[in-house]
Amino acid sequence: MSKRIVIDLFDGTEELDAVGPWEVLSYWTQAYPADGWRVDLVTDDGQPRRCAKGLQVVPTAAKAAVPRPDLIVEPGGRGTRARLTDTDHLRWLQAATESGALVSSVCTGALVLAAAGLLRGRPATTYHARFEELLALDPTIRPCPGQRWVDDGQIVTAAGVSAGIDMALHLVGRLASPERARQVQDGIEYHPVPPTWLTPTTH
C-alpha cells in the first residue's frame, strides 16, 4: 500500500499554493513509484473548486476517500478565512495529526493550522503580510519571517505562494532522500539561482 499525500482544495485556494507542491509531489510519486507514495488533490465533496484567480481545478478524490493521509498540504488563499470556522475541517486536521500524519501549510494555510491548534508554541512562517493575523489566532506561535519554510517535526510551514515549491522539495528530501529531491528538482527544471529578475534573458 502506498503512503498517501493529500493537497486540500477549497473555493478561493491560491493557485500556486496548491499547484506548486502538486507539481513537485506528483512528479516524485509518478517518476519514482518504488518510493511508495501517492498524491491526491482533494475537496470535501470531490467536486471542482474555483481558485482565487479563477482557475478551476478538478480534484482526484474526495477527502473521505483518503481517511488516513500520511501527509497533508494545506494551501492558502482568500478561502482560508472560511476554513477558520469550518469545525469539520479543523477536526479532520486534528485527527490526522493525532494519527501521526505530517501536516504542512503554504502561505495563509498556516492560519488554518493555527485555528486547529496545531501551531501552539511552534515556530512557523506564512505570507509576509499575514503574521499579525496569524499571531492574533494564536499568540504562542514563534514567527519566522523571511524563512522560505520551517520544519518543526510533525508540522512544516512555508511562506507565501512560490515558497510551497521549496517546501515540497524539502519534503521529498525528508521522506525519500536528498538525492531524490535533487532528481525531482532537475526533473521539473527548478533552479532559481540567481533570481530570475537579476538574470538577463537573451534569445
Side-chain angles (χ1 to χ4, degrees), residues 2-33 37-93 95-96 101-116 118 125-127 129-130 148-149 156-172 175 184-185 187-190 192:
S2 295
K3 293 185 177 181
R4 304 295 294 273
I5 304 168
V6 296
I7 300 175
D8 180 42
L9 288 176
F10 45 84
D11 286 327
T13 299
E14 183 65 35
E15 282 86 343
L16 195 57
D17 286 6
V19 176
W22 168 260
E23 176 65 30
V24 172
L25 297 170
S26 63
Y27 183 93
W28 169 41
T29 57
Q30 292 176 33
Y32 302 98
W37 287 82
R38 171 181 166 178
V39 59
D40 281 291
L41 290 165
V42 304
T43 58
D44 291 343
D45 56 6
Q47 296 302 305
R49 290 295 185 270
R50 183 180 179 86
C51 295
K53 297 181 179 70
L55 180 70
Q56 296 191 53
V57 181
V58 177
T60 58
K63 190 190 294 180
V66 192
R68 294 178 63 87
D70 298 282
L71 168 61
I72 294 170
V73 178
E74 188 70 35
R78 293 192 300 271
T80 55
R81 303 328 186 266
R83 282 294 202 211
L84 299 184
T85 55
D86 184 339
T87 55
D88 287 341
H89 184 69
L90 298 180
R91 279 197 292 263
W92 175 75
L93 287 171
L102 177 60
V103 179
S104 65
S105 66
V106 182
C107 196
T108 53
L111 302 180
V112 183
L113 302 196
L118 304 184
T125 190
T126 187
Y127 184 64
R130 292 292 176 262
R148 293 288 280 174
W149 47 264
V156 182
T157 54
V161 197
S162 65
I165 299 171
D166 300 49
M167 182 191 74
L169 285 165
H170 165 70
L171 291 172
V172 174
L175 299 172
V184 172
Q185 185 174 9
I188 66 171
E189 204 158 345
Y190 179 67

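Bear in mind the structure is a predicted one, so any value in this text is a computation, not a measurement. Excluded from the calculations below are hydrogen atoms, water molecules and symmetry mates; all remaining heavy atoms, backbone and side chain alike, are included.
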Approximate separation, where rounding is to 0.5 Å, of [X] [atom1] and [Y] [atom2]:
X    : Y    : atom1 : atom2 : result
I5   : L175 : CD1   : CG    : 7.0 Å
K63  : T43  : NZ    : OG1   : 8.5 Å
L169 : Y190 : CG    : OH    : 7.5 Å
I7   : S26  : CD1   : OG    : 7.5 Å
E14  : Y127 : CD    : OH    : 8.5 Å
T125 : M167 : OG1   : CE    : 11.0 Å

Contacts of D11 that satisfy salt bridge (Lys or Arg N to Asp or Glu O under 4.0 Å) - sequence neighbours left out: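 Result, salt bridge (Lys or Arg N to Asp or Glu O under 4.0 Å) vs D11: none returned.
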For the residue pair [X] and [Y], establish whether any side-chain heavy-atom pair is separated by less than 4.5 Å.
X    : Y    : value
L113 : L93  : yes
V58  : P48  : yes
L90  : V112 : yes
W37  : D70  : yes

Going through the distances and angles, do L171 and W28 end up as a side chain to side chain contact (heavy atoms under 4.5 Å, CB included)? CA-CA 11 Å; L171 291 172; W28 169 41; over 6 Å; no
Who are the side-chain hydrogen bond (donor to acceptor under 3.5 Å, both in side chains) partners of T60, not counting sequence neighbours?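 Testing T60 for side-chain hydrogen bond (donor to acceptor under 3.5 Å, both in side chains), a comparison that skips the adjacent residues, returns D40.
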So, does R49 use its side chain to make a donor-acceptor pair with the main chain of Q47 at under 3.5 Å?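 Yes, the answer is positive, given that a donor and an acceptor are paired below the 3.5 Å cut-off.
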Show every salt bridge (charged side-chain N to carboxylate O under 4.0 Å, His left out) that has at least one partner inside residues 73-83, sequence neighbours left out.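 Counting only pairs at least two positions apart or across chains, the salt bridge (charged side-chain N to carboxylate O under 4.0 Å, His left out) contacts touching residues 73-83 are D8-R83, D44-R83, R81-E133, R83-D86.
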What pair of heavy atoms forms the shortest contact from [X] to [Y], and how long is it?
X    : Y    : result
K53  : E15  : N-OE2, 2.8 Å
T13  : A18  : CG2-CB, 4.0 Å
A65  : A61  : CB-CB, 4.2 Å
V106 : V161 : CG1-O, 3.8 Å
S104 : L71  : OG-CD1, 4.1 Å
S105 : T157 : OG-CG2, 3.3 Å

Which one of V24, V39, V184 satisfies the side-chain contact (heavy atoms from CB on, under 4.5 Å) criterion with T29?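 Going through V24, V39, V184 one by one, the side-chain contact (heavy atoms from CB on, under 4.5 Å) with T29 is satisfied by V39 alone.
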Which class fits the ring pair H170 and W149: parallel under 30°, tilted 30 to 60°, perpendicular over 60°?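 Taking W149 first and then H170, their aromatic rings lie parallel (interplane angle under 30°).
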